[in-house]
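Okay, so here's the structure we're looking at.
Computed from heavy atoms alone, side chains included, the values below leave out hydrogens, waters and symmetry copies. Below, chains carry the letters A, B, ... as their sequence lines are ordered, and counting in each starts from 1.
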Amino acid sequence: MIEVTEDDFNVGKILNDAKHPDNGALVTFLGIVRDDGISGMEIESYTDLAVQELNTIEKEALERFNIRSLDVIHRTGTLSVGDNILLIVCGAPHRKDAFAACEYMIDELKKRVQVWKKELHKDGANGKWVGEET
Amino acid sequence: MIEVTEDDFNVGKILNDAKHPDNGALVTFLGIVRDDGISGMEIESYTDLAVQELNTIEKEALERFNIRSLDVIHRTGTLSVGDNILLIVCGAPHRKDAFAACEYMIDELKKRVQVWKKELHKDGANGKWVGEET
Amino acid sequence: MIIRVKAFARFGEVLGKELALELDHGSDIDGLLALLCASQDAYDLIFDESGTIRDYVTILKGGRHIQSLDGVRTVLKDGDEVAIFPPVAGG
Amino acid sequence: MIIRVKAFARFGEVLGKELALELDHGSDIDGLLALLCASQDAYDLIFDESGTIRDYVTILKGGRHIQSLDGVRTVLKDGDEVAIFPPVAGG
């Protein structure tokens with residue numbers, strides 16, 4: 001399952017759905033809005049393309065690693081400190097593949113998927129877009 | 001939190017409890033009884049020592065990696081295919097530390113923590129202890 | 001002809017997030033950018049001092065990088081969708 | 001004196017999981033093992049053909065490896081707890 005959505009997700013349910021008789025290991029990455037002196041983040045996506053790119057990366061991971069499932073949900077919209085941003089769940093017979101594929105997915109996502117984050121400041125001032133030099 | 005227990009756990013709740021303003025990344029390892037032609041597993045522990053060893057490994061991980069939290073729950077008793085065996089949740093400001101510490105915990109756990117698993121066969125025959133040559 | 005433009009992140013703030021621009025038939029990306037970057041702020045965001053498109057700018061036509069087409073000489077046709085955005089930063 | 005023994009996994013199946021053994025005052029691990037491994041099955045599980053404790057056997061007294069104490073010459077006292085187990089396999 002690949003989703004780019006404003007909605008929050010239920011990690012317990014998604015993990016349960018990822019259970020498969022072949023899967024002995026589920027490795028999960030949960031990205032959360034961290035308190036860097038900000039109140040939250042505004043997350044924007046080019047959704048059609050982001051979903052397409054996530055599917056491409058998933059396909060690469062399924063070819064490279066011995067995994068059975070890879071689920072990704074990336075949220076968009078206005079999020080507060082502590083809110084879920086991103087969930088990746090990778091299921092595999094063995095743990096090494098699950099860890100490697102989960103890390104591959106998040107590393108490539110950060111480089112390739114059409115999503116941008118803007119910091120929202122506590123004083124209401126206009127924050128900066130993450131990754132911008134200025 | 002370090003636990004060795006017969007009780008199942010609620011992954012969603014534990015992940016939620018691991019949220020901390022400094023944690024931008026939660027990496028979770030969930031070990032599940034895999035269908036290797038078995039019906040389940042009997043898991044035995046030397047509980048006092050296992051908890052002590054898990055605490056030692058947690059301390060090592062907190063020294064080696066920039067992480068804020070590390071939770072481990074290892075189940076014991078009779079488990080069926082698909083049942084949860086082990087949960088590790090590692091929270092860190094950044095994902096690389098969270099992944100590295102989570103992998104460190106599971107790698108060391110497998111080598112050092114006083115837990116043993118016996119396969120239960122579908123035909124009711126006496127299964128073998130995992131790791132035994134005979 | 002009408003070209004639809006989507007701009008993201010900082011680019012959306014400066015250029016507008018979703019635009020429908022009227023261009024002469026046969027116009028290319030170069031012509032689109034001239035219209036899109038009429039203001040100094042917009043121009044400085046997309047072009048460097050020598051008038052070259054900055055390295056960090058990605059431009060897609062119909063989901064394909066213009067580098068894989070004819071670059072700024074890529075010809076547009078009525079209804080094309082062009083996307084323009086800075087480096088991604090998700091996760 | 002009474003020594004409590006805990007054995008795990010296959011060792012528990014062969015030796016018994018929890019035992020309270022009566023030993024002479026001043027007995028050591030060697031003496032305990034002689035009592036514990038009276039049966040051929042038990043002996044073969046713990047000792048190799050030359051009578052040496054097999055590499056895969058871990059023995060703890062009060063939670064400490066006997067290697068860090070005096071090995072099989074580690075002297076026991078009333079109420080001591082000894083644990084004996086094969087390589088761990090959790091996770």
Side-chain angles (χ1 to χ4, degrees), chain A residues 8-41 68-69 79-107 109-110 117 122 130, chain B residues 8-41 68-69 79-107 109-110 117 122 130:
Chain A
D8 199 7
F9 40 76
N10 179 334
V11 183
K13 187 187 177 311
I14 295 160
L15 273 169
N16 218 48
D17 291 348
K19 287 188 177 182
H20 177 284
D22 276 355
N23 281 344
L26 290 180
V27 170
T28 302
F29 174 81
L30 179 63
I32 300 162
V33 181
R34 188 177 65 235
D35 187 356
D36 271 341
I38 60 174
S39 65
M41 283 195 160
R68 293 289 177 278
S69 67
L79 304 179
S80 303
V81 166
D83 280 353
N84 297 326
I85 301 174
L86 168 67
L87 180 71
I88 301 173
V89 177
C90 184
H94 302 286
R95 74 185 191 281
K96 294 285 177 195
D97 295 297
F99 274 109
C102 191
E103 284 206 79
Y104 181 78
M105 177 47 89
I106 174 66
D107 288 350
L109 183 157
K110 284 192 170 264
K117 293 185 295 206
K122 285 172 179 163
V130 175
Chain B
D8 199 5
F9 40 76
N10 180 334
V11 182
K13 188 189 174 311
I14 294 160
L15 273 169
N16 217 48
D17 291 347
K19 287 190 178 180
H20 177 285
D22 276 356
N23 282 344
L26 291 180
V27 170
T28 302
F29 174 80
L30 179 63
I32 300 162
V33 181
R34 187 177 64 236
D35 187 356
D36 270 342
I38 60 173
S39 65
M41 282 196 162
R68 293 291 178 277
S69 67
L79 304 179
S80 302
V81 167
D83 280 353
N84 298 325
I85 302 175
L86 167 66
L87 180 71
I88 302 173
V89 177
C90 184
H94 302 287
R95 74 184 190 283
K96 293 286 177 194
D97 295 297
F99 274 109
C102 192
E103 285 206 79
Y104 181 78
M105 177 48 89
I106 174 67
D107 289 349
L109 183 157
K110 285 194 168 262
K117 291 186 296 207
K122 285 173 179 164
V130 175

Subject >> Test log, rule side-chain contact (heavy atoms from CB on, under 4.5 Å), inputs A/Val33 and B/Lys19 >> reply: CA-CA 10 Å; A/Val33 181; B/Lys19 287 190 178 180; over 6 Å; no

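Among B/Asn23, B/Val81, B/Val11, B/Asn10, the residue making the largest number of heavy-atom pairs under 4.5 Å with chain A is B/Asn23. For the set B/Ile106, B/Leu15, B/Ile88, the entry with the most heavy-atom pairs within less than 4.5 Å of chain A is B/Ile106. In terms of heavy-atom pairs under 4.5 angstrom with chain B, the leader among A/Asp36, A/Val27, A/Ile85 is A/Val27. Across A/Cys102, A/Gly12, A/Gly31, the residue that shares the most heavy-atom pairs under 4.5 angstrom with chain B is A/Cys102.
Of the two parts of A/Asn16, neither the backbone nor the side chain holds a non-hydrogen atom closer than 4.5 Å to a non-hydrogen atom of chain B. For B/Asn84, the parts lying under 4.5 angstrom from a heavy atom of chain A are both the backbone and the side chain. Contact of A/Cys90 with chain B is not made at all, since no heavy-atom distance falls under 4.5 Å. In this structure, the portions of A/Asp107 lying under 4.5 Å from any heavy atom of chain B include both its backbone and its side chain. For A/Lys96, the part sitting under 4.5 Å from any heavy atom of chain B is the side chain, from C-beta outward, and nothing else.
With rounding to the nearest 0.5 Å, the separation of CG in A/Leu26 from CD1 in B/Ile32 is 3.5 Å.
Using bins of under 30°, 30° to 60° and over 60° for the plane-to-plane angle, the ring pair B/Phe99/A/Phe99 lands in the perpendicular bin.
Looking at B/Glu103 and A/Arg95, their side chains never come closer than 4.5 Å, going by heavy atoms from C-beta outward. With contacts defined as side-chain heavy-atom distances shorter than 4.5 Å, the pair B/Thr28/A/Leu30 does not qualify.
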